[in-house]
Amino acid sequence: MRLSVQSDVFDLGAEANAFAAAQTGAGAVVTFTGIVRDNGGTLSAMEIEHYPGMTEKAIAAIMDQAMARWSLADALVIHRHGRLAANDPIMMVATAARHRADAFAAAEFLMDYLKSRAPFWKKEIRADGAEWVAARDEDEAALSRW
Amino acid sequence: MRLSVQSDVFDLGAEANAFAAAQTGAGAVVTFTGIVRDNGGTLSAMEIEHYPGMTEKAIAAIMDQAMARWSLADALVIHRHGRLAANDPIMMVATAARHRADAFAAAEFLMDYLKSRAPFWKKEIRADGAEWVAARDEDEAALSRW
Amino acid sequence: MIEVIYFAWVRERIGLPREQIATTATTVAELVEELKAREDRYAMAFADLASLRVALDQELSSFDAPLAGVREVAFFPPMTGG
Amino acid sequence: MIEVIYFAWVRERIGLPREQIATTATTVAELVEELKAREDRYAMAFADLASLRVALDQELSSFDAPLAGVREVAFFPPMTGG
């Protein structure tokens, strides 16, 4: 299980390969990657603020819950903060399990909780100004299924 | 949208990176990778037979269904056939969407249909003999949710 | 003449991957009965239809489907892709 | 003394990321009332508590939670990670 909160960019492919290579006996690997949407070229950057200390604790708690709830061989969360460019990767989650249902469910669970319970705040920087991204009702509602 | 039925090994990381790089405007990328389980070292190889011609048609039809049903920017399916070694990647699915719910649902849908409706048959080659992998009732049942 | 193709353990039990068959069968089920009557290896391969699937011209079908116009019939166990 | 931390637009409205506050508040809600009474920028930041979240010692909490023993209080809008 690995958790990284970092400002540096990461390489989705290299992370996915390293994660998959570390598995023995887990036939199913799911990854989710969040990418900065450029919104038709209007976005010049995305700034992500976070709460150092709480961020790591909140994500570790979410990962522990996922490992306890599903039959998982491994899990990975990488989340960036700081200034990101359009089309940059923001974060990724990876899960490995013997059966795909566990890997998918755990990845979705991790994403739903990271969206609404990990202390990150996104700000879109555009040519015409900057705006904090509003939380989506659907994201809060998504938690109720778990 | 890309579909490849191939005997050659593929690189999960390179495929995931190329797929993600081709997206503009899709903030969510999900991948699923199936890996040959070594079952504690007892497996010496996995042989995958398929039905050339029907395989490509069946997968293309499944992908068309996924594209029609969810708001997807893109989808990828790679599936190998022939003789695979333990820990080799068997297949992968990737989906890209504006919102993660579409990317996750479409990836799970593609996997459920590939498992039970694409003409592949797996045979485990072990030191003590070879055995065709039996279809799992759960895999057939998984189709009923779509 | 119709092209009949076998996959996985159906192919192994029958002992060949494909064959041309002259048949007067009007449905898949009738074709199966003709094949079973040929030799024990066919009877064994088709002993339990519930564990078999059939495709007509590369589309999944059913044992009561008509054969009129069909050029290629494939028999195989439930698929195990993914 | 209690460490009070602000994030995102709460930080921007109040104009600073953190401060040490001497307070006799026994709950988060009382602390918020004290802050709102200080200056307009606080009143604006805390105008709508439904759009705010609070963490006590780095754990999500609620506005009616007691402050006894708490060293660090953080105020912020709903999180937008992922």
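Order of the sequence lines fixes the chain letters, A, B, ..., with proteins taken first and strands second; residue numbering starts at 1 for each chain.
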- Item | Residues of residues 73-82 of chain C near chain B, each having a heavy atom less than 4.5 Å away | C:A74, C:F76, C:P77, C:P78, C:M79, C:T80, C:G81, C:G82
- Top residue by heavy-atom pair count (under 4.5 Å) with chain C, among B:H79, B:E140, B:M92, B:R80?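 The residue among B:H79, B:E140, B:M92, B:R80 with the greatest pair count is B:H79.
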- Item | Max heavy-atom pair count under 4.5 Å with chain C, selected residue of B:W132, B:F32, B:F120, B:Y113 |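 Looking at each option in turn, the highest pair count goes to B:W132.
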[X] [atom1]: over 12 foreign heavy atoms closer than 6.0 Å:
{"X": "B:M1", "atom1": "CE", "answer": "yes"}
{"X": "C:D48", "atom1": "CG", "answer": "yes"}
{"X": "C:E59", "atom1": "CD", "answer": "no"}

Which atoms of [X] approach chain C - backbone, side chain, both or neither, heavy atom under 4.5 Å:
{"X": "B:R136", "value": "neither"}
{"X": "B:A58", "value": "neither"}
{"X": "B:K122", "value": "both"}
{"X": "B:K115", "value": "both"}
{"X": "B:A61", "value": "neither"}

- Whatever's closer than 4.5 Å to a heavy atom in chain B on C:A55 counts as side chain
- Message: If you compare all heavy atoms of C:F7 against all heavy atoms of B:H50, which two are closest, and at what distance to 0.1 Å?
- Response: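 Here C:F7 and B:H50 meet closest at CE2-O, 3.2 Å.
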- Item | C:E72 and B:M54: CA distance, side-chain angles, deciding distance, side-chain contact (heavy atoms from CB on, under 4.5 Å) verdict | CA-CA 11 Å; C:E72 185 174 302; B:M54 178 171 168; over 6 Å; no
